[in-house]
Amino acid sequence: MGKFMKEYKSKFTTMMFEIGLGLCAAWFVYNLVGKFTHSFLFAAICAIVVLAFFFIKVFYTDFISITLTDDKKMLVKRFNKVINTFEIDQYYWSEYPKDSKTKGAEDQDIYYVSKETGKENYIDASNLKGEDYVQLLEDLGAKIKNEPAIKVATIKK
């Protein structure tokens with residue numbers, strides 16, 4: 001394994017915000033299901049399922065750290081266990097999917113396309129701090145610093 005260069009970790013406040021969203025969603029589902037079924041038990045079970053989904057998303061699925069090593073490797077870790085390793089030079093990196101040049105304002109995915117197979121996949125980096133996400137994209141070569149804005153020509157009829 002290469003020498004440690006830079007590590008990006010999940011941001012605590014982002015995780016707490018998503019748990020807050022989960023609580024709101026669970027409360028909404030509880031009230032909605034309760035109103036239509038008039039069953040406290042069924043409404044509570046539905047709310048618990050929604051809340052469990054958010055807890056799994058925040059504390060397991062999205063709870064990653066990304067480490068870049070000096071020997072051009074990217075390690076994706078969950079609970080300090082490496083779950084994926086990338087040779088950075090073997091992929092094209094982007095903040096956009098292959099077939100699109102736009103994304104939602106809150107969408108923090110890192111797309112990668114294998115230079116060998118052309119297969120596209122992505123890493124959900126939504127728990128990273130915004131500035132860490134931008135820095136990671138720059139480190140991967142997906143964003144070039146001080147790049148002028150691309151002007152799109154409009155065709156007038």
Side-chain angles (χ1 to χ4, degrees), residues 1-30 32 45-153:
M1 197 130 68
K3 191 175 144 235
F4 168 78
M5 185 174 96
K6 222 180 234 181
E7 186 167 26
Y8 300 95
K9 295 183 175 196
S10 292
K11 186 178 171 195
F12 181 74
T13 52
T14 304
M15 294 168 68
M16 290 303 100
F17 176 73
E18 287 195 9
I19 288 299
L21 289 177
L23 289 168
C24 291
W27 179 249
F28 177 76
V29 166
Y30 171 78
L32 191 68
I45 289 170
C46 290
I48 289 168
V49 166
V50 168
L51 199 55
F53 166 78
F54 272 89
F55 271 91
I56 290 167
K57 180 185 182 318
V58 172
F59 291 111
Y60 183 75
T61 310
D62 293 352
F63 192 69
I64 61 168
S65 67
I66 296 174
T67 304
L68 300 179
T69 63
D70 282 341
D71 59 354
K72 295 271 191 200
K73 282 190 172 73
M74 181 171 84
L75 311 173
V76 181
K77 299 186 215 168
R78 183 177 289 132
F79 302 117
N80 279 332
K81 182 177 172 241
V82 176
I83 56 170
N84 218 332
T85 303
F86 296 94
E87 296 280 343
I88 294 172
D89 296 340
Q90 308 227 338
Y91 296 90
Y92 297 108
W93 300 92
S94 177
E95 60 185 311
Y96 307 108
K98 233 189 327 194
D99 303 326
S100 173
K101 287 287 178 231
T102 59
K103 64 176 188 160
E106 292 301 308
D107 184 18
Q108 279 195 189
D109 294 331
I110 299 169
Y111 293 89
Y112 57 94
V113 177
S114 168
K115 289 182 179 178
E116 195 177 303
T117 64
K119 185 174 179 278
E120 181 179 51
N121 209 333
Y122 72 95
I123 300 164
D124 183 350
S126 57
N127 274 358
L128 297 182
K129 281 191 268 190
E131 55 270 21
D132 282 356
Y133 171 70
V134 171
Q135 183 61 53
L136 179 58
L137 287 170
E138 285 176 8
D139 291 345
L140 291 170
K143 249 188 178 335
I144 292 111
K145 284 185 183 177
N146 301 324
E147 186 180 73
I150 299 167
K151 290 194 169 101
V152 179

For the [atom1] atom of [X] and the [atom2] atom of [Y], what is their distance to the nearest 0.5 Å?
X: S65; Y: N80; atom1: OG; atom2: CG; value: 6.0 Å
X: E95; Y: L136; atom1: CD; atom2: CG; value: 11.0 Å
X: Y96; Y: D109; atom1: OH; atom2: CG; value: 12.5 Å
X: M15; Y: F54; atom1: CE; atom2: CZ; value: 14.0 Å
X: L51; Y: I56; atom1: CG; atom2: CD1; value: 10.0 Å
X: T14; Y: F12; atom1: OG1; atom2: CZ; value: 10.5 Å

### Summary
Hits for side chain to side chain donor-acceptor pair (under 3.5 Å) against D132, two or more places apart or cross-chain, chain-then-number order -> none
### Task
Any pair with a residue in residues 48-64 that passes salt bridge (charged side-chain N to carboxylate O under 4.0 Å, His left out), sequence neighbours left out, goes on the list, sorted by first then second residue, please.
E18-K57, K57-D62
### Task
Please collect all salt bridge (charged side-chain N to carboxylate O under 4.0 Å, His left out) contacts where either partner lies in residues 77-94, sequence neighbours excluded, each pair once.
E7-K77, K73-E87
### Centroid separation F59 to F63 less than 6.0 Å
no
### Message
Between N127 and I64, does the side-chain contact (heavy atoms from CB on, under 4.5 Å) criterion hold? Intermediate values first, please.
### Response
CA-CA 8 Å; N127 274 358; I64 61 168; over 6 Å; no
May I ask you to check whether over 12 heavy atoms, not counting those of [X], lie within 6.0 Å of atom [atom1]?
X: E131; atom1: CD; result: yes
X: K72; atom1: NZ; result: no
X: K11; atom1: NZ; result: yes
X: Y92; atom1: OH; result: no

### Query
Taking the side chain as C-beta and beyond, is there a heavy-atom pair between L68 and Y8 under 4.5 Å?
yes
### Message
For a 4.5 angstrom cut-off between non-hydrogen side-chain atoms, does D124 reach T61?
### Response
no
### Query
Taking the six-membered ring for Trp, are Y112 and W93 parallel (under 30°), tilted (30 to 60°) or perpendicular (over 60°)?
tilted
### Query
Hey, what's the ring geometry for Y122 with Y111, parallel, tilted or perpendicular (30° and 60° as the breaks)?
tilted
### Trace of the side-chain contact (heavy atoms from CB on, under 4.5 Å) decision for L140 with Y91
CA-CA 9 Å; L140 291 170; Y91 296 90; over 6 Å; no
### Task
Please check if the side chain of T85 supplies one atom and the backbone of L75 the other of a donor-acceptor pair under 3.5 Å.
no
#### Entry: Closest non-hydrogen atom pair between I110 and A125, with its separation
CD1-CB, 4.0 Å
### Task
Would you please test V50 and F28 for side-chain contact (heavy atoms from CB on, under 4.5 Å) and show each step?
CA-CA 10 Å; V50 168; F28 177 76; over 6 Å; no
